[in-house]
Amino acid sequence: MHEISVALEIIDTLDDNGYLVGVKKVNSIKLNIGRYSGIDVNYLSFAFQNIDDERFKGVLPEFVLNDSDEIKIEEIIVD
Amino acid sequence: MPNSNGWNRRSADRGGVGKGIGALGTVGGKHSSRTGGRALTVRLNALESNEVIAGKNKALFGKAFVMNFLSSPGSGKTSLLESLVPLLKSEGLNSAVIEGDVETDLDKRRIDALSVPAYQIITNGTCHLDANMVNKSLYNLNINIKDMDVIFIENVGNLVCPTSYNLGEDMKAVVLSVTEGDDKPLKYPAAFYKSKVMIINKIDLLPVLDSDVSKIKENALSINKELIIFETSCKRKINAGGITVCSADGSGNTNSADSQDRREGRDKGILELVSFIKKNVKLKSEKFKDTIDIY
């Protein structure tokens with residue numbers, strides 16, 4: 001169950017690249033997840049529900065699955 | 001650690017599960033049209049922060065060839081290191097080992113007995129190593145990394161989670177013992193997809209198992225056709241001609257052996273793996289020298 005770590009890394013990546021500046025709430029996050037990424041999308045959804053970050057409370061993760069090993073943030077929708 | 005609200009960022013305990021699974025996420029591509037708000041296109045590697053540190057690790061490793069060993073618990077990663085490190089040492093190559101485990105420094109103690117630098121990362125519950133853990137361990141190894149030819153990273157025993165994290169290594173090597181069954185590559189494809197090398201270990205046990213090595217290979221190659229495969233035993237002793245001469249308990253006839261390999265009863269697969277590592281040490285060293293020369 002490393003999806004908790006991956007969810008935290010995703011938030012770090014968004015933070016570090018300025019995507020969360022002034023953002024009060026992230027409504028949804030669209031992720032491209034490869035079949036060989038080692039990620040279970042159900043666990044990743046669960047991880048987002050349980051992260052202690054108010055901006056991500058109630059975030060709806062959406063997953064686009066493919067045959068690669070990528071874990072890529074495609075888009076976020078924010079308030 | 002989880003608190004009343006959930007999991008904290010920067011938690012030392014990343015990776016645990018507190019409650020049941022709630023599959024609130026959706027699979028598909030209808031994102032923007034389904035949710036209100038301002039859409040921001042990101043298109044970034046989700047583990048970018050890990051990638052940045054992995055890049056720093058790669059620079060710190062310098063000329064050292066770095067292998068990241070992945071496997072289920074008990075496949076024989078530490079035993080493999082106990083076989084490989086002395087052979088590399090006898091060839092004049094300097095090795096160091098970074099051990100990853102959820103608890104205890106038992107593996108590090110085994111490596112310490114080989115008289116090579118070793119550092120134990122204890123993850124305290126986390127199911128994988130990440131680049132930051134390895135970065136810190138490099139400073140704790142108390143070695144001059146420039147003097148190292150090979151650095152082995154023994155990841156936490158887990159065939160899923162460690163696959164997601166780049167540690168800055170040159171290659172991942174997945175270790176699969178024959179006791180695990182020949183369907184493992186199909187059940188845990190990510191580890192086999194991301195590895196350059198597969199080591200089928202404990203082949204001395206084949207006579208008492210139903211495992212089929214050809215099926216293991218077929219399944220693994222169906223995931224990654226580029227895999228370089230070694231068959232090893234850390235117990236069985238085979239002479240240079242491929243003949244079993246000595247079993248784990250020391251029985252068998254080694255009297256007629258006159259080569260060093262036969263005298264010391266080394267496993268053929270282990271020797272092939274050592275040759276592969278030596279070749280890659282040389283390649284990495286040459287590539288590194290070329291890079292230095294450019295600058």
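A note on names: the letters A, B, ... follow the listed sequences, proteins ahead of strands, and every chain is numbered from 1. Only this structure's heavy atoms are used, side chains among them; waters, hydrogens and symmetry mates stay out.
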Rounded distance [0.5 Å steps], [atom1] in [X] versus [atom2] in [Y]:
X	Y	atom1	atom2	answer
A/Ile73	B/Leu40	CD1	CG	11.5 Å
B/Leu47	A/Leu8	CG	CG	11.0 Å
A/His2	B/Asn158	NE2	CG	8.0 Å

Heavy-atom pair count under 4.5 Å with chain B, highest-scoring of A/Asp79, A/Val78, A/Val6: A/Val78

For [X], I'd like to know if atom [atom1] has over 12 heavy atoms of other residues, nucleotides or ligands within 6.0 Å.
X	atom1	value
B/Tyr188	OH	no
B/Lys287	NZ	no
B/Lys56	NZ	no

Restricting to non-hydrogen atoms, name the atom on [X] and the atom on [Y] that form the minimum distance, rounded to 0.1 Å.
X	Y	result
A/Ser37	B/Ser164	O-OG, 2.7 Å
B/Ala46	A/Thr13	O-OG1, 3.1 Å
B/Arg43	A/Glu74	NE-OE2, 2.7 Å
A/Tyr19	B/Leu44	CE1-CD1, 3.9 Å

If you count heavy-atom pairs within less than 4.5 Å of chain A, which of B/Ile223, B/Val160, B/Thr41, B/Thr163 leads? B/Thr41

Heaviest contributor of heavy-atom pairs below 4.5 Å to chain A, chosen from B/Glu48, B/Glu51, B/Arg38, is B/Arg38

Strictly distance-based, threshold 3.5 Å: is any side-chain N or O of B/Ser49 a donor or acceptor partner for the main-chain N or O of A/Asp12? no

Within the 3.5 Å criterion, strictly below it, is a donor on A/Glu70 or B/Asn45 matched to an acceptor on the partner's side chain? no

Examine whether an atom of [X] lies under 4.5 Å from a heavy atom of chain B, and if so say whether it belongs to the side chain, the backbone or both; otherwise answer neither.
X	result
A/Asp40	neither
A/Leu14	side chain
A/Asp67	backbone

Which of parallel (below 30°), tilted (30 to 60°) and perpendicular (above 60°) describes A/Tyr36 and B/Tyr193? parallel

Passes side chain to side chain contact (heavy atoms under 4.5 Å, CB included), A/Glu9 versus B/Asn50? Steps please. CA-CA 8 Å; A/Glu9 292 266 359; B/Asn50 183 77; 3.8 Å; yes

Report yes if some heavy atom in the side chain of A/Glu75 is under 4.5 Å from a heavy atom in the side chain of B/Val42; otherwise report no. no

Side chain, backbone, both or neither of B/Tyr165 within contact of chain A (heavy atoms, under 4.5 Å): side chain

